[in-house]
Amino acid sequence: GTFKDSLENRIKEQTAVPSPQPPKKVKKQVSFSNCEIREYKVVIGDHPSCKKGLPISLGWEYAVEPVVCDIEAYEGIRSPIRSQSMEEMRLSSPERKYLLREVSGYRRSYLDRMEEYRKLNMSQN
């Protein structure tokens, strides 16, 4: 062969597309080490199916420093909420009022006024 043939063969070798290889089985794995728990303020909510008392919601404000803990420790101490029914998770009107008063710091007089306002609003709709 000529120089040109030799050059063309080298170019073909350099640019040749290799035959496809079977995909390697990559073991996919995800793991967690820590969890961050952010504490939000409890506020008066607006849930329409709350028939008695004031509904509650999570507010936008939260504690600046999250609680950081080992995921295994957290899983060991957390409440088994996932196994409870919706009825077991529902808070009574006095329990919601307690959270608003004692945890979030609303005054009793303010909560009473809000309850009256809500009753009045619900009776008009």
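This is a predicted model, so every value here is computed, not measured. Values reported hereafter were calculated over all heavy atoms of this structure, with side chains retained and with hydrogens, waters and symmetry mates removed. Sequence positions, counted from 1, serve as the residue numbers for this chain.
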**Fill in**
Nearest heavy-atom approach of Leu58 to Val43 is C-CG2, 4.1 Å

**Fill in**
Hits for side-chain hydrogen bond (donor to acceptor under 3.5 Å, both in side chains) against Glu95, two or more places apart or cross-chain, chain-then-number order -> Ser92

**Request:** Please answer: with hydrophobic residues joined when any side-chain heavy atoms are less than 4.5 Å apart, are Leu111 and Val103 in the same cluster?
**Result:** yes

**Prompt:** ring pair (Phe, Tyr, Trp, His ring centres under 6.0 Å) with Tyr117: which residues, sequence neighbours excluded?
**Reply:** none

**Message:** I'd like to check the side chain to side chain contact (heavy atoms under 4.5 Å, CB included) partners of Val26; sequence neighbours left out, ordered by chain and number.
**Reply:** none

**Prompt:** Does anything in residues 26-45 pair up under side chain to side chain donor-acceptor pair (under 3.5 Å), and if so which pairs, sequence neighbours excluded?
**Reply:** Arg38-Tyr40

**Request:** Indicate, with yes or no, if Leu91 and Val42 share a hydrophobic cluster defined by side-chain heavy-atom contacts under 4.5 Å among Ile, Leu, Val, Met, Phe, Trp and Tyr.
**Result:** yes

**Closest non-hydrogen atom pair, Arg96 against Cys50** = NH2-SG, 3.2 Å

**Request:** Mind jotting down which residue pairs meet the side chain to side chain donor-acceptor pair (under 3.5 Å) criterion with at least one end in residues 100-114? Sequence neighbours excluded, please.
**Result:** Lys97-Asp112

**Non-neighbouring partners of Cys69 that pass side chain to side chain contact (heavy atoms under 4.5 Å, CB included), sequence neighbours left out** = Cys35, Ile37, Tyr74

**Prompt:** Roughly how far, to the nearest 0.5 Å, is the CG atom of Leu54 from the CE atom of Met114?
**Reply:** 7.0 Å

**Asked** Checking salt bridge (charged side-chain N to carboxylate O under 4.0 Å, His left out) for the pair Glu115/Arg118: CA distance, chi angles, key distance, verdict?
**Response** CA-CA 5 Å; Glu115 266 186 281; Arg118 190 163 194 277; over 6 Å; no

**side chain to side chain donor-acceptor pair (under 3.5 Å) contacts touching residues 52-70 (sequence neighbours left out)** = none

